[in-house]
Number of protein chains: 2
Amino acid sequence: MNEKEFLAAYNKGNFEAPLLTVDAVLFTYQDGQLKVLLVERSNHPEQGKWALPGGFISESEDKTLEDTVTRKLKEKTGVVPPYVEQLATFGGASRDQRGWSVTICYTALIAHQACESELETISDVAWLPIEKVKKMNLAFDHLKIINRAHERLIQKALYSIIPAYALPKKFTLPELQQVHEVIIGKPLQKKSFRRRIEQADLLINTGKKRTERGRPAALYSLRPGSGKHTFVRNLEQ
Amino acid sequence: MNEKEFLAAYNKGNFEAPLLTVDAVLFTYQDGQLKVLLVERSNHPEQGKWALPGGFISESEDKTLEDTVTRKLKEKTGVVPPYVEQLATFGGASRDQRGWSVTICYTALIAHQACESELETISDVAWLPIEKVKKMNLAFDHLKIINRAHERLIQKALYSIIPAYALPKKFTLPELQQVHEVIIGKPLQKKSFRRRIEQADLLINTGKKRTERGRPAALYSLRPGSGKHTFVRNLEQ
DNA sequence: AAAATAGTGTCTCTCAGACACTATTTA
DNA sequence: TAAATAGTGTCTGAGAGACACTATTTT
C-alpha cells in the first residue's frame, strides 16, 4: 500500500480516543483584586458547577489551537484577549466521568474594561476573585489548573511585565505595580520596580498624565511589536 | 435527564475528534555532543522519515499522560528516564496529512549509558547529534518541536542543574559544566559555575574521586528528593 | 619536572532591597 | 498649608564575569 492509498483508507473515527477539549484561565485586575473568568456549566456532567471557559476544537472553524481558545473566549467576553499563552495539558483516566480525557489549557490576560458591556448581558459568566475561587468546588480538575496558572503568573510577575496585559492599553506605573503586588501577594519596593522597567526599556511614556488624587502619574503603554517582556534578573520571591 | 442517565447515554465516539498523540524529545550527552533520540517511521504517513518517539494514549494501560510517555520511551530505550517534563502541545489542521491532529510533547533527559545495550538491538532507533538533526527533514513538525525543546533546555541550563539528568548518577563538576556548555552553545566561567552550585547546595559530594588524566575530580550526585533544581539568578545569555 | 586537569582567590560590575528624600497635584 | 500621591537619590549587599592563581594527579 502506498501513502496515497493509505490516506484514502484512513479514518480517524476507527480508533478510540480520549475526550479532547481546550480551556482557558483568563485573568484580569479589578477593584484591587486578581480575578478569573468562570462559566456556570449548563450541561452534564458537573452541571451547575463553575468551570473554566473552553470547549471542543472545531475542525471546520479552527486552523490552530489558538483559534479554538480565542474563539471560545470571544464567545464569552466579546473580544480576543491581547495576551494568550499555552499553560499546559492536563489529562488522565479519571478527571472526567465520561472517561479518559485531555484538556489543553491556556493562560490569558485582559483588561476587564475591554469586555465589561458583553459580560453584563451573559448571566452564566462572571469575574471571580482568585482568593474566593481557591475555596470553591469547581468542575473537574479546574481548580488545580487555576492554581497552576496562578503559580506561573506569579513567576511572570517576578521577571516580566506580562501582567500589564491585565490593564487597559494606557496605565500608570503605580497601577502596574499594584497588579504585580496583587499577583505576587506581597508588596514591592517602588524604587526597584521602577528602576527595572526604566532600564529594560519595555514601556513607552505616552507623555500624557492622569490625575486622581495627589500628583499626576505618567501614562505608559507597552512597547508594541518588540515581543520583549522580560527583565535580566528576578525580583525576590 | 439526570447526570446518571446522561453518562449512561454518552458515547465519546459519536463526536469528531482530532488525532491525539504523545511524543517525547529525549536528550542525552555523548561524545561531547547533545543528542536526541529519533525513530525511523515504519508506517504511513511519512514512512521512512525520522521522527520523535511517541504514540497513542492507551486507555487501558495508561492512567496519566506521563504513563503514556514513559511507556513509549521504555519501549524504545528499555528504561524510564529520570527526568520527564511536559514541553507543550502542538496542534492544527495541517500538521498531519490525516487531518486535524494534536500532539502532547514532553522533554526528557537520560544518561546514554543507561540505555546503551537496549539501543544496539533496535535498528530503527538512534541517538543523533542535535546539530545534525537541525539540518534533517524530519516527519511532521517534529523539527519545530525539537527546536522548542532545545530552546527550553538552554533556559534550564542557565538557571538550573536539570542538565545533570543527561549524565549518570555520579558525575564530576567539569563533566556537568561541559554538558551545560554544549547545551548553551558557549563556554562558561568555571568559577561562576562552581560557585552557584556550591551556594545553592543542590549536589552531594559523594566523597569519591575519578582520575582520568591530571588531578582527580570529585564525584557528585543530585540531592535526592528535594525537587529543588534552580539557582537564584540566571547565567548571562 | 612537565603536562594535564581540578579547584580557589579576589577584584569588578550590575542590579535588587531598603528607605529617606523631593515633587506636584487637590482641598 | 496639609494631605495625598508620584517619583528620585543613594547606600548596601548578593552574586555573576573575568582571570590569575594554587593543587593534585600521571608520565
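No hydrogens, no waters, no symmetry mates; every other heavy atom, side chains included, goes into these values. The sequence lines fix the lettering, A, B, ..., with proteins before strands; numbering per chain opens at 1. Everything numeric here is computed off the predicted structure, so don't read it as measured data.
- Nearest-nucleotide mapping onto DNA chain C: of B:K209 and B:R233, the residue sitting toward the 5' end is B:K209.
- Within a 6.0 Å sphere centred on NZ of B:K208, other residues, nucleotides and ligands contribute 12 heavy atoms or fewer.
- For A:K169, the NZ atom is loosely surrounded, since the number of other residues' heavy atoms within 6.0 Å does not exceed 12.
- Taking atom CZ of residue A:R215 and atom P of nucleotide C:dT24, one finds them 6 Å apart after rounding to whole Å.
- The CD-C1' distance, from B:E175 to C:dG7, rounds to 15 Å in whole Å.
- Separating the CZ atom of A:F231 from the P atom of D:dA16 is a distance of 20 Å, rounded to the nearest angstrom.
- Contact check, A:R194 against D:dG7: a side-chain N or O comes under 4.0 Å of OP1 or OP2.
- Minimum atom distance to the side chain of B:Q199 is reached by D:dG15, of the listed D:dG7, C:dC15, D:dG15.
- A:L188 places its CG atom 8 Å from the P atom of C:dG17, with the value rounded to the nearest Å.
- The distance between atom CD1 of B:I184 and atom P of D:dA16, rounded to the nearest whole Å, is 13 Å.
- The base of D:dG17 is not paired with the side chain of B:K191 by any donor and acceptor separated by under 3.5 Å.
- Checking B:N234 against B:P216, the closest nucleotide of DNA chain D that is more toward the 5' end is the one next to B:N234.
- For A:I197 and C:dA16, the CD1 to P distance is 11 Å, given to the nearest whole Å.
- In the interface, the side chain of A:R213 is not paired with the base of D:dA4 through any donor and acceptor atom under 3.5 Å apart.
- Heavy atoms of A:E212 sit nowhere under 4.0 angstrom from any nucleic acid atom.
- The residue among A:K190 and A:T211 whose nearest nucleotide of DNA chain C lies closer to the 5′ end is A:K190.
- Around the CZ atom of B:R152, the shell of radius 6.0 Å holds more than 12 heavy atoms that belong to other residues, nucleotides or ligands.
- Heavy-atom neighbours of A:R148 CZ from other residues, nucleotides or ligands within 6.0 Å: at or below the threshold of 12.
- Interface remark: the A:R195 side chain does not form any donor-acceptor pair with the D:dG7 base, using a distance-only criterion of under 3.5 Å.
- Between C:dC19, C:dG7, D:dA16, one nucleotide has an atom nearer to the side chain of A:Q189 than all others, and that is C:dC19.
- The aromatic rings of A:H180 and A:F193 sit perpendicular, their planes meeting at an angle over 60°, well past the 30° parallel limit.
- For A:L235 and C:dC15, the CG to P distance is 13 Å, given to the nearest whole Å.
- B:R196 comes within contact range of the sugar-phosphate backbone alone, with a heavy-atom separation under 4.0 Å but no base atom that close.
- Regarding A:E181, its CD atom lies at a distance of 12 Å from the P atom of C:dG17, rounded to whole Å.
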